[in-house]
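These notes are about the structure you will find just below.
Here is how names work: the chains are called A, B, and so on, in the same order as the sequence lines, proteins then strands, and each is numbered from 1. Worth saying up front: this structure is predicted, and the values here are computed from it rather than measured.
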Amino acid sequence: MLSVFWAVLRRDLLLAFRQRGVLVHHLLFFVLVVALFPLGTGASPSILVTVSPALIWMSVLLAALLSLQRLFKPDYEDGTLEQYVLSPEPLAVIALAKVLAYWLASGLIFVLASPLLVLLLGVPVGAVPVIMASLLLGTPTLGLVGAIGTALTLSLPRAGLLLSLLIFPLYVPVLIFGAGAMRAAIEGLPAAGALYLLAALLMLGISTAPFAIAAALKISME
Amino acid sequence: MKRPRLGIRNLSCGRGENALFQGLDISLVGGEAARVLGENGAGKTTLLRTLGGLQAPLTGEVVWESARDTGAVDDPVLLQDELCFVGHDNALNAALTPVENLDVLMRLCGRRVAPGRIRDTLAELGLKRLAHRPSGRLSAGQKRRVSLARLWLTDAPLWLLDEPASALDVDSRALLCARIAAHVAAGGIAVFTTHEALTLADVPVRSIELLPC
């Protein structure tokens, strides 16, 4: 079971490395949304700091939506997904490996890029650790929940819109607590409560989403 | 040694209410091959996918009796543990090399194969120089050969092959036939669909005819 987990994880990380142009696209999208926003609001620092939690989290959500559409699609198109389903190993383990590889190659990069972006928006340096922690706990949940949606819409031709309708409502708790932790940190209030809730959501996601993804993949294969 | 057996009982397959074929009954034991016959759209691919457990039958059941233990089971996971499925698509990622692709495909079936053996097999199939090139740059026939290389690497007793000879040249087709015949002669079962004639020397080839209903 572990052997398959590592094999799939290694394969997807290798693929992400070979196709690193795609990663750069998603990162650029994230950076551009955040960088263009001040041009629309006017450069009043107080406004930027106030809206920065919403801005950062919305751009993370949009970038996730953009990148998630390719999570299972290539495997579905070239027949590898058939082999995943036919594997005697549990499909949920393979699904978890794929989501982990996806997160390491996209979510983690957003987390690492976030300090620069929030400082650009004028957020105090003291809030940066909490902001990174909130993204670190929140982005894997976005990947897990989003993977259920992509797996369900895999066999549909224009799945993008349906995917956003399916998964954005499910992203609401992560958005509320993620942006909540950021806001608390900026205002110098304790953010531990929101971070704990993000961690709880992540645990719930890790323990249940792989099974939902596996079931959705099997439905899409029929 | 006990011989494995693939039993198909009263099988109907299709989508929703529409059955493609009905009431298929056949039992294959180790040492037999079966060729699935039927016109386009008769349900040949659907039959193979159902046998492998990728899709549920409308009625009937697929029973796999392993040579390893006693008793018949209709649990698809036990069958999948002893299955090599070469589908219509090659299951090769364009950005990975043939060696990398085959390594992952074999691990997915729970079998770990040394990279050296994968390279040797590819060399046997005339793909030595292409072993470390991205699979996306290979021709259709070369991709098919890489995908079929699994048949040389696996020890699974049950093979389900969907149009294995598509895009293959004459020499590769002869290699493929020899490999299937050797597998069946060694006590394995192979079920395949094909439009080109595949001649398997010295092994019984049964026919599964799918009639539209």
Side-chain angles (χ1 to χ4, degrees), chain A residues 1-25 70-98 101-102 105 151 154-155 211 214-222, chain B residues 13-16 45-46 48-58 64 66 75-97 99-113 134-136 143-144 146-147 150 154 156 158 160 162:
Chain A
M1 207 156 98
L2 268 181
S3 145
V4 167
F5 182 84
W6 292 121
V8 174
L9 181 65
R10 227 191 53 165
R11 166 190 189 269
D12 276 25
L13 287 177
L14 186 65
L15 274 176
F17 177 72
R18 295 251 166 97
Q19 301 167 336
R20 43 195 179 273
V22 180
L23 301 185
V24 176
H25 269 144
R70 299 295 298 164
L71 180 55
F72 295 112
K73 201 77 181 177
D75 292 342
Y76 177 72
E77 282 164 355
D78 69 20
T80 310
L81 194 62
E82 258 175 16
Q83 300 293 327
Y84 293 154
V85 178
L86 285 171
S87 167
E89 308 292 340
L91 186 56
V93 170
I94 297 174
L96 187 62
K98 284 201 77 79
Y102 159 79
L154 202 52
S155 54
F211 300 101
L217 285 176
K218 280 189 184 152
I219 293 171
S220 289
M221 284 307 296
E222 287 245 326
Chain B
C13 299
R15 251 169 225 283
T45 297
T46 308
L48 290 190
R49 288 169 56 90
T50 309
L51 293 181
L54 276 174
Q55 124 178 27
L58 294 180
W64 172 248
S66 170
D75 180 357
V77 173
L78 292 168
L79 179 144
Q80 284 161 1
D81 201 18
E82 298 191 274
L83 169 69
C84 184
F85 184 97
V86 179
H88 201 271
D89 298 312
N90 288 323
L92 302 176
N93 188 292
L96 297 179
T97 67
V99 173
E100 289 160 350
N101 268 312
L102 287 170
D103 180 57
V104 171
L105 286 175
M106 294 315 294
R107 276 168 200 265
L108 282 175
C109 326
R111 286 165 176 81
R112 197 175 300 181
V113 182
S135 306
K143 281 184 199 153
R144 196 63 182 156
V146 172
S147 191
R150 278 180 278 166
T154 184
L158 175 62
L160 300 176
D162 195 356

Closest approach of D78(A) to L92(B) (non-hydrogen atoms, all atoms of both residues): OD2-O, 3.3 Å

Donor-acceptor contact present, side-chain E82(A) to main-chain V86(B), <3.5 Å: no

Segment of I94(A) engaging chain B (4.5 angstrom heavy-atom cut-off): side chain

Interatomic spacing from OG1 in T80(A) to CG in N101(B) - rounded to 0.5 Å: 7.0 Å

Flag, side chain of R11(A) to backbone of D103(B), donor-acceptor distance under 3.5 Å: no

Worked check of side-chain contact (heavy atoms from CB on, under 4.5 Å) between R107(B) and E89(A): CA-CA 10 Å; R107(B) 276 168 200 265; E89(A) 308 292 340; over 6 Å; no

Interchain contact, R150(B) with chain A, by part (heavy-atom threshold 4.5 Å): side chain

Which portion of L83(B) sits near chain A, non-hydrogen atoms under 4.5 angstrom: side chain

Neighbour count >12 (heavy atoms, 6.0 Å) for atom CZ, F5(A): yes

N/O donor-acceptor pair under 3.5 Å between R18(A) side chain and A95(B) backbone: yes

E222(A) to A56(B) - nearest heavy-atom pair and separation: OE2-N, 3.4 Å

Spacing of L108(B) atom CG and L86(A) atom CG [to the nearest 0.5 Å]: 9.5 Å

Which portion of N90(B) sits near chain A, non-hydrogen atoms under 4.5 angstrom: backbone

Nearest-0.5 Å distance, CD of residue Q83(A) to CD of residue Q80(B): 10.5 Å

Under 4.5 Å from any heavy atom of chain B - which part of Q19(A): side chain

